[in-house]
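The structure under discussion appears below in the form of structure tokens.
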Amino acid sequence: QVQLVESGGGLVQAGGSQRLSCTASGGTFGRYTMGWFRQTPGKERDFVAAISKGGASTDYADSVKGRFTASRDNAKNTVYLQMNSLKPEDTAIYYCAAAIGLGVPRREYDYAYWGQGTQVTVSS
């Protein structure tokens, strides 16, 4: 059983940057593809980014491509989401998730383990 804990959320002005972290425990971190999703009230949870087990492959939603970067440090059991040029529409609760399997899946149900989420608010 893998436990995931996100941190780094908060309030930031539009155009600013923020880095989210997600630290895993209870499993072999390098076995998992890691994903980032986000959700706003009344809407479904949307894919943001994913990074493969070794970090060589990444995938991003079109809405964040070129602005967000996913990375990981397997020695620290941590995955990061660097968010630059933030926009008010990036405001959401951000979740990290872990998947067993190949590739960098975008589908929520491919991910078996989820963190509790961290709120990111971008003010205009």
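Everything quoted here is computed from the prediction, not taken from an experiment.
Applying the salt bridge (charged side-chain N to carboxylate O under 4.0 Å, His left out) criterion to K65, with sequence neighbours excluded, gives D62. Here D59 pairs with R106 under the salt bridge (charged side-chain N to carboxylate O under 4.0 Å, His left out) rule; sequence neighbours left out. For S57, the side-chain contact (heavy atoms from CB on, under 4.5 Å) partners are S52, V104, not counting sequence neighbours.
Distance check, rounded to the nearest 0.5 Å: CD1 of I100 to OH of Y113 gives 5.0 Å. In this structure, CZ on R45 lies 13.5 Å from CZ on R38, to the nearest 0.5 angstrom. Here the OG-CZ distance, from S21 to R72, works out to 13.5 Å after rounding to the nearest 0.5 Å.
Sorted by first and then second residue, the ring-ring contact (aromatic ring centres under 6.0 Å, His included) pairs involving residues 35-58 (not counting sequence neighbours) are F37-F47, F37-Y111, F37-W114. For residues 65-84, no residue pair satisfies the ring-ring contact (aromatic ring centres under 6.0 Å, His included) rule, not counting sequence neighbours.
Put simply, the side chain of L4 reaches to within 4.5 Å of the side chain of M34, judged on heavy atoms. No side-chain heavy atom of E6 sits under 4.5 Å from any side-chain heavy atom of Y94. Looking at heavy atoms from C-beta onward, D90 lies out of side-chain contact with M83 at the 4.5 angstrom threshold. Taking the side chain as every heavy atom from C-beta outward, R67 and K87 approach each other to under 4.5 Å.
Nearest heavy-atom pair across I51 and A70 is CD1-O, 3.7 Å. Between T33 and P105 the shortest heavy-atom distance is CG2-CD, 3.8 Å. Among all heavy-atom pairs drawn from S71 and V79, the shortest one is O-CG2, 3.1 Å. Contact detail for S17 and N84: the closest heavy-atom pair is OG-OD1, 2.9 Å.
If you run side chain to side chain contact (heavy atoms under 4.5 Å, CB included) between L86 and each of T121, V122, T91, V64, only V122 comes through.
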Just distance, no hydrogens or angles: give the donor-acceptor pairs under 3.5 Å from side chains in residues 23-32, sequence neighbours left out.
unit_1: T23; atom_1: OG1; unit_2: T78; atom_2: OG1; d: 3.2

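Both V48 and V12 sit in one connected hydrophobic cluster of ILVMFWY residues. Membership requires side-chain heavy atoms under 4.5 Å apart, directly or through other members.
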